[in-house]
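Proteins come first, then strands; the chains are lettered A, B, ... in the order of their sequence lines, and each starts at number 1. FYI, side chains are in, hydrogens and waters are out, and symmetry mates aren't considered; it's all heavy atoms of this structure. Everything numeric here is computed off the predicted structure, so don't read it as measured data.
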Amino acid sequence: MFQIVDKKQLSENVYRLEVQAPRIAKAYRPGQFAILRIDENGERIPLTIAQAKPLEGLITFIIQAIGFTTRRLCGMKAGEAIRDVAGPLGRATELERFGHVVLVGGGVGTAVIYPQAQALKDLGNRVTAVIGGRTKELVILEDELKSVCDQVLPCTDDGSYGRKGFVTTALSELIEKGEPKVDAVITAGPVMMMKAISDLTRPFGIKTIVSLNPIMVDGTGMCGGCRVTVGGKTLFACVEGPEFDGHEVDFKELVDRLSTYRDAEKQMVESHRCKLDGIIK
Amino acid sequence: MARIKEPRVKMPEQEPQRRINDFEEVNLGLSMELAQQEARRCLQCKKPMCMEGCPVRVNIPGFIGAVAKGDFTEAAKILKQGNALPAVCGRVCPQETQCEAKCVLGVKGEPVAIGWLERFVADWALTQETPVEEQISIEPNGKKVAIVGSGPAGLTCAGELAKLGYEVTIFEAFHEAGGVLIYGIPQFRLPKEIVKKEIDSLKKLGVKIELNVVVGKTVTLDQLIMEEGFSAIFVANGAGLPVFMNLPGENLKGVYSANEFLTRVNLMRAYRFGEYATPVIRGSKVVVIGGGNVAMDAVRTARRLGAEPAILVYRRSREEMPARIEEVHHAEEEGIVFEMLTNPVGILGNDGGWVKGIECQRQKLGEPDSSGRRRPEPIEGSNFVIDCDLVIEAIGTRANPMVTQTTPDLKVNKWGYIETDETGMTSKPGVFAGGDIVRGAATVILAMGDGKRTAAAIDAYLKK
Ligand SMILES: Cc1cc2nc3c(=O)[nH]c(=O)nc-3n(C[C@H](O)[C@H](O)[C@H](O)COP(=O)(O)OP(=O)(O)OC[C@H]3O[C@@H](n4cnc5c(N)ncnc54)[C@H](O)[C@@H]3O)c2cc1C
Ligand SMILES: Cc1cc2nc3c(=O)[nH]c(=O)nc-3n(C[C@H](O)[C@H](O)[C@H](O)COP(=O)(O)OP(=O)(O)OC[C@H]3O[C@@H](n4cnc5c(N)ncnc54)[C@H](O)[C@@H]3O)c2cc1C
Ligand code: FES
């Protein structure tokens, strides 16, 4: 059992859970994720490890409540326990001294870039973070990022905070200004956002790393459910990713495969929605 | 000899029409009367050939003789001496190519139903309140051994070492112990409750099982030795990596590896979706590619989830199918359609990105290949399409490199399987390996045999 020691709401649908998982905390490197299962009847879902405290044996997840399992998870309280957490899985980000790195986080994808920011800074990079959300409430981790980045640019679709518009607009300005020149882009967030970012950087030949989020089961290479096409080759994202060269990824296929269980998931949410309070039980 | 004329008993089975609607076990097991009747057919040979067919050399005439006398406690004791998981082996061993193939009764008639008797005795023992095994007193020797993977190889090795006084910890990547016995072989062939009971009896011996530990990621072999004080390690992490055919259309929605399909259904209990949260695509028309036990399990599972038809596509002919005869027979009874001498060439999709059919090509058998089986050759112009909404590929598995990649001094062969000497020791001192990660996909009993033999080798190594 993996106890939740702390829980905090970051925005309307986004929560941060700190969980006791000593082995994972010790082995973790930025870019890796874990697979968890809430209880005996639960499904296994992958979540990025946003932070690890090896000495205290704690890891942090930042979770967006979008479906059956994430909503149940976000409904859990400190003191309760998650039955299974396995990790750290996937390859760690290949961090190097790029020069000027722009990290682009969309929504809960910001949880993925946050641990990378610190590590990139430590390697001597100049680090700019562009973080986006539909509205002010959905922009997360701004303060945390500010403490490690050289510059943080929040954006909202509706202009309620930071600059108005998509993260792509802010990135494209950074590239055009070139002060200093953008040497690499690392991005995580909605698939279509990562596609737009990759399309934007391609003509400039800027190295672009995307963090893919296909449906997974085991997370150890044993099922192939997480397969993605990169550079025309089929790869298992859980072992060969989750980060790949954005210019090589078949995003259309990924979006399509992510819809596989849409009907089943809806059914699960509806049949477990409490008639009284609307909460997923 | 009157006994030879006595026919082999029939295994009581669930009706095919009923069982395609549920996941209950197909074979119901022998009654006490039937078991004794069958046991009396055994000739009690002086030189029992059956034992030579058994990879772990169970004293077969011994336990069958005890059944014939009605002394089931004695039968169970004898059986358990040779085989740590008899309730499992009685259900899934390919007896027809092992012990029963060597039974002299089989020369003129039908061999003794050794597998069914094994299952009978094991099941009987599991229902007894007091364990039938000799109460052995374990003297802890203070040494720690780690085992990677909780499949049949790991479980067997753990039990043997625990009995010798070692402090044994099994590290398992999944959230449930049992390996293929839990995530691969379906409920209707091997009820999970049986596997759980076998694992519980290991825990009673003092074996610790730490779940959710992916060795190579969560902790490395070197860390287990240097930081956690393990004196030896047995690596038995199986050969679970699925192989895909690289067909066009393979990444459409509605294409699974058999591993994913079976893991969703068995480990995650997706056949009870609603009560359990993991979904699985229930195809209405399903094509499974392959001819082994895995393909057979996948196609029979698809049938139970509602596929009509559930079709097996195999490139050779029925004679070459590696699946167990009993499973093929059960599959036929359940209405599985066999498309033999057929090879898929591409998967077709609809506008929504879902599978709508599979294009196949007929084959003919040519000259024997390196495996001694006649090689299938395509017949030009014989292409045709089978309509279906789910395709499951069961064409084999490979070694998972997670442990070996993070242990550079562990020597592997060109397919990634771990190399060992005859005792089971790898190139890394104190690290042993066995089961599918050494042999490539094999059988439960061979994995168990490796576990048992290696336990003795580990004991010898640590006593040096
Ligand atoms: C390597 C990796 C890291 C991840 N890290 C995080 C993280 O740090 N925080 C976080 O909140 N989420 C993360 N995700 C996504 C998370 O796993 C999914 O949101 C979760 O599995 C959805 O489960 P659910 O039952 O709540 O929703 P479901 O009921 O399964 O799905 C609800 C809706 O979301 C869509 N969907 C399903 N799976 C995904 C997916 N993997 N990504 C996007 N949409 C999906 C479905 O099509 C459906 O429409 C990560 C995914 C991967 C593969
Ligand atoms: C669907 C199917 C049907 C089969 N039917 C039969 C049959 O009828 N009869 C028969 O004799 N054989 C059958 N087999 C083959 C048989 O199951 C295997 O040969 C046998 O299970 C191998 O045992 P093992 O202990 O080597 O590995 P496995 O049973 O594969 O167990 C390995 C375990 O190690 C775990 N693991 C993997 N990587 C790691 C890691 N890095 N860290 C920690 N743990 C890890 C896995 O999760 C797994 O639990 C079948 C196989 C399948 C897939
Ligand atoms: S999640 Fe199963 S192989 Fe990646």
Per-residue tally against chain B (heavy atom, under 4.5 Å) across A:Val217, A:Ile45, A:Asp250 peaks at A:Val217
Are B:Pro279 and A:Glu43 packed together at the side-chain level, in the sense that at least one heavy-atom pair is separated by less than 4.5 angstrom?
yes
Separation between CE (A:Met268) and OG1 (B:Thr278), nearest 0.5 Å, reads 8.5 Å
So, the part of B:Arg398 with a heavy atom under 4.5 Å from chain A: the answer is neither
Okay, B:Phe273 and chain A: the region with an atom under 4.5 Å from a heavy atom over there is side chain
_Before you tell me yes or no, could you show the steps for A:Arg227 and B:Asn251 under side chain to side chain donor-acceptor pair (under 3.5 Å), namely the whole-Å CA-CA distance, both residues' side-chain angles and the distance that decides it to 0.1 Å?_
CA-CA 8 Å; A:Arg227 58 198 191 276; B:Asn251 292 347; 2.9 Å; yes
May I ask you to decide if A:Asp84's main-chain N or O and B:Asn212's side chain share a donor-acceptor pair within less than 3.5 Å? no
Applying a strict 4.5 Å limit to non-hydrogen atoms, the region of B:Glu172 in contact with chain A is neither
### Query
Do other residues, nucleotides or ligands put more than 12 heavy atoms under 6.0 Å from the NZ atom of B:Lys192?
yes
Turns out that what part of A:Arg83 lies under 4.5 Å from chain B's heavy atoms comes down to backbone
One option among B:Arg269, B:Glu260, B:Arg272, B:Glu250 has the most heavy-atom pairs under 4.5 Å with chain A, and it is B:Glu260
**Asked** Side chains of A:Phe236 and B:Pro242: does their closest heavy-atom pair fall under 4.5 Å?
**Response** yes
Looking only at heavy atoms, the pair that brings A:Phe68 and B:Ala277 closest together is CE2-CB, 3.7 Å
B:Met226 CE: over 12 foreign heavy atoms closer than 6.0 Å: no
If one checks every heavy atom of A:Phe2 against chain B at 4.5 Å, the contacting part turns out to be side chain
Residue B:Lys144 excluded, over 12 heavy atoms near NZ under 6.0 Å: yes
Closest non-hydrogen contact found for B:Lys253 with A:Arg257 is CG-CA, 4.2 Å
d(B:Glu275 CD, A:Ser271 OG) to nearest 0.5 Å is 11.5 Å
Answer key: most heavy-atom pairs under 4.5 Å with chain B among A:Ile35, A:Thr234, A:Val228 is A:Thr234
- Answer yes or no: are there more than 12 heavy-atom neighbours, outside A:Glu94 itself, under 6.0 Å from its atom CD? no
So, the part of B:Val255 with a heavy atom under 4.5 Å from chain A: the answer is both
When the 4.5 angstrom heavy-atom criterion is applied to A:Ile215 and chain B, the contacting part is side chain
- Does the B:Thr218 side chain pair with the main chain of A:Ile24, one donor and one acceptor, at a distance under 3.5 Å? no
So, the part of A:Val239 with a heavy atom under 4.5 Å from chain B: the answer is side chain
Check your understanding: Counting only heavy atoms not in B:Arg439, do more than 12 sit closer than 6.0 Å to its CZ atom?
Key -> yes
Applying a strict 4.5 Å limit to non-hydrogen atoms, the region of B:Ile281 in contact with chain A is both
Rounded to the nearest 0.5 angstrom, the CZ-CZ distance for A:Arg44 and B:Arg264 is 11.5 Å
Query - Within 6.0 angstrom of B:Lys285 NZ, more than 12 heavy atoms from elsewhere - result: no
- Output yes when A:Arg37 and B:Glu176 qualify as a salt bridge under the 4.0 Å nitrogen-oxygen rule, no when they do not. no
Whatever's closer than 4.5 Å to a heavy atom in chain A on B:Leu211 counts as neither
Fill in: Ionic contact status for B:Glu210 with A:Arg23, cut-off 4.0 Å
yes
Residue pairs meeting side chain to side chain donor-acceptor pair (under 3.5 Å), one or both in residues 108-118 of chain A, sequence neighbours left out, come to A:Thr93-A:Gln116, A:Gln116-A:Glu243, A:Gln118-A:Asp122
One option among A:Ala34, A:Ala21, A:Pro88, A:Gly42 has the most heavy-atom pairs under 4.5 Å with chain B, and it is A:Pro88
| query | Is it the case that more than 12 heavy atoms not belonging to A:Glu96 sit under 6.0 Å from its CD atom? | reply | yes
So, the part of A:Glu40 with a heavy atom under 4.5 Å from chain B: the answer is backbone
Counting C-beta onward and ignoring hydrogens, is there a side-chain heavy-atom pair between B:Thr263 and A:Asp218 closer than 4.5 Å? no
